[in-house]
Amino acid sequence: MEILDSGTGELFQKPDPDAHRAYLREHRSHALTSKVMTEQEAVNKYVQDGDYLCYDCTMLMRGPSSLVREIIRQKKKNLGVGGRFTYMIINLLVAAGCVNRIDIGYIGVGNALKRAFDEGIKVSEWSNSAITMRLLAGSLGIPFIPIRFLGGTDAFHHSAAKLAKDPWNNKEIVLVPALNPNVSLIHVHQCDIYGNARIYGPSVSPVEMAASSKKVIISTEEIIDNEYIRRDPGRTTIPYYLVDAVVEAPFGAHPGEVAGRYNADIERINEIAGAGADPTGKAMNDYLEKYVYSVNNHLEYIDQRVGLERLLKLQQAMKIKQGYE
Amino acid sequence: MTKATTFTEAEATICVTAKMIQNEHDKSYWVGGGGTPLASALLAQKVYVPNLTLILEDGVIAPQPAIPLDPWMVFVAAKPNYRANAWTNMNTVCSHAALGLFDYGILLSLQTDPYGNINSSFLGGDFLHPERRFGGAGGANEIASMCWRTILHCPQEKRKFVKKIDFITSPGYLDGSPHARQKAGLPRNTGPYRVITPEAVFGFDEKTHYMKLLALAEWVEVNDVLEKMEFEPMIATKLERLACPTEEELQVLRVNVDPYGTAIGEGKWITV
């Protein structure tokens with residue numbers, strides 16, 4: 001295939017479909033066995049320093065907020081991040097010193113990230129869907145995928161994409177490399193002990209992300225019996241053998257919303273945004289101390305830092321149920 | 001319809017866009033982010049086109065959002081997703097755009113050039129050392145690449161309409177040369193269609209792909225607009241006058257679509 005142009009951005013996660021197959025053969029349980037564990041166990045076991053991390057959605061909407069707080073609490077270092085469609089999570093991870101490289105689709109830029117840019121954090125530029133298409137390729141077990149966008153722009157030139165001649169039609173086409181994250185985090189409405197997960201409503205790319213990742217941690221609003229899964233298999237969004245760990249995390253997306261279950265806690269979201277705006281970084285450190293480091297786990301967070309009254313109000317404020325049950 | 005006399009710059013942009021959607025009511029609209037693009041679509045849906053084919057970046061197809069939306073909450077949330085025809089995901093609607101199913105994209109631009117290229121990455125400095133870094137392409141690159149026609153929103157300011165943008169995040173006509181987009185791998189016969197500012201509407205010359213002034217708001221003349229651009233656009237032989245926002249549009253916009261003022265509060269007040 002003739003290559004006409006190449007982006008100069010660093011490729012943080014080089015695709016290797018055969019190595020990925022071999023990894024899953026050796027490490028992923030393909031059996032219907034329980035994968036339930038605490039968030040401490042899941043993050044300790046499946047998130048290693050240096051890993052390339054992806055997560056579905058944002059701290060505003062069905063994001064894996066409780067797992068992200070646990071990653072920060074365990075002081076993971078040198079993580080790469082597939083930063084598409086992310087506002088607050090990326091800022092919290094960067095502020096906590098967990099990140100050393102970012103593929104940018106869309107990031108909400110706060111002062112932590114601004115300082116990280118000043119200090120030379122490594123970035124490659126893409127777009128939201130360029131990254132989700134890379135995950136799609138990763139999920140198909142193929143090394144790259146042609147896309148009809150990104151070409152011609154500076155984003156292309158600062159990515160690791162290539163412009164090639166389509167070998168059949170001789171027309172120009174952009175190729176992006178498959179992305180197989182080391183670890184992915186997905187927060188879902190329901191999941192059984194084996195990892196059969198149900199997401200209600202739209203999403204970014206949880207299925208592609210789960211299928212493309214070496215390690216997958218699911219946090220779930222509730223654990224449901226496998227009997228319910230078997231009675232309505234069409235509802236399963238992610239099947240069990242794509243999953244390594246299942247963590248029960250009611251209100252796990254807080255301060256974000258889980259559609260159909262509870263509203264976003266806008267005051268607490270504004271608190272993160274406000275902390276992120278402090279150029280000295282002190283307010284963000286205070287935030288992390290108050291909501292992450294000073295509690296031992298998610299249960300303590302929702303009990304001591306959010307509280308029953310607030311949680312019930314968020315639950316009651318979610319008036320829209322249709323489509324989510 | 002009563003002509004309004006006082007409104008914000010953002011409201012002027014939104015109302016012009018909503019009327020465009022009314023004129024092309026049977027087309028599909030892929031809207032990037034929230035802000036004025038989404039407010040335009042929601043106003044059009046509420047006032048002119050109840051069955052609007054609105055596509056959101058997270059894969060929501062033709063919703064009737066439960067407005068007002070809460071601050072921040074424009075994606076993967078119950079209110080914007082409400083009463084959709086389908087809930088899919090980002091890759092699905094991206095592939096639908098690749099198939100040519102989306103007629104119009106509506107986007108907000110941080111900075112644009114004579115060929116309608118869009119910068120939403122950084123201002124000043126260089127890529128590794130940006131003076132002011134912004135979020136990046138988000139979904140704008142795929143929208144600007146694959147919709148048949150792209151509509152850009154941009155404030156009418158000299159620093160927004162520049163000869164050369166700091167970074168091409170999302171494609172316009174690139175260097176303007178013939179077939180520049182398809183040589184870069186983008187679908188043919190696509191590209192920026194209109195740039196809407198509070199004071200004017202621009203198109204692009206068919207041959208040169210250079211930006212061309214097509215219409216003016218009733219409270220400005222050509223020079224007022226040219227003074228607020230670093231480059232001089234082509235000027236249509238016959239300039240149209242844009243309709244002012246109506247009281248009915250503004251009432252729906254302020255009470256139902258955006259009561260928190262997150263989109264409509266942008267820019268100065270205009271009194272005519």
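Chain letters run A, B, ... following the sequence lines, proteins first, then strands; residues in each count from 1.
Interatomic distance, A:Ser205 OG to B:Asn91 CG, rounded to the nearest 0.5 Å: 6.0 Å. Between the OG1 atom of B:Thr92 and the CD atom of A:Glu208 there is a distance of 7.0 Å, given to the nearest 0.5 Å.
Shown here are the salt bridge (charged side-chain N to carboxylate O under 4.0 Å, His left out) partners of B:Lys212, two or more places apart in sequence or in another chain: B:Asp205. The side chain to side chain contact (heavy atoms under 4.5 Å, CB included) search around A:Asn169 returns A:Asp166, A:Lys171, not counting sequence neighbours.
When heavy atoms are compared at a cutoff of 4.5 Å, A:Ala273 approaches chain B solely by way of its side chain, counted from C-beta outward. If you measure heavy-atom distances from B:Arg83 to chain A, the contacts under 4.5 Å come from the side chain alone. Of the two parts of A:Ile104, only the side chain, counted from C-beta on, holds a non-hydrogen atom closer than 4.5 Å to a non-hydrogen atom of chain B. Only the backbone of B:Ser170 has a heavy atom closer than 4.5 Å to any heavy atom of chain A.
A salt bridge between A:Glu172 and B:Arg188 is absent, with no side-chain N of the basic residue lying under 4.0 Å from a carboxylate O of the acidic one.
For the pair B:Phe167 and A:His157, the minimum side-chain heavy-atom distance is 4.5 Å or more. Contact check for B:Glu142 versus A:Ile147: no side-chain heavy atoms found under the 4.5 Å cut-off. Using a 4.5 Å heavy-atom threshold, the side chains of A:Tyr324 and B:Asn81 count as touching.
When each of B:Leu128, B:Ile168, B:Ile118 is scored by its heavy-atom pairs under 4.5 Å with chain A, the top score falls to B:Ile168.
Using cut-offs of 30° and 60° for the angle between ring planes, the A:Phe85 and B:Phe75 rings count as perpendicular.
Note on residues 59-79 of chain B: pairs passing salt bridge (Lys or Arg N to Asp or Glu O under 4.0 Å), not counting sequence neighbours, are B:Asp70-B:Lys79.
Residues of residues 58-67 of chain B that come within less than 4.5 angstrom of chain A, heavy atom to heavy atom, are B:Asp58, B:Val60, B:Ala66 in numerical order.
In this structure, A:Asn128 and B:Glu57 approach most closely via the heavy-atom pair ND2-OE1, 4.0 Å.
Between B:His129 and A:Phe117, the distance from one ring center to the other does not fall under 6.0 angstrom.
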**Prompt:** Is there a side chain to side chain contact (heavy atoms under 4.5 Å, CB included) between B:Met73 and A:Met61 once you walk through the steps?
**Reply:** CA-CA 8 Å; B:Met73 307 300 290; A:Met61 308 103 177; 3.9 Å; yes
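Remark: the A:Trp126 side chain and the B:Asn141 side chain contain no N/O donor-acceptor pair separated by less than 3.5 Å.
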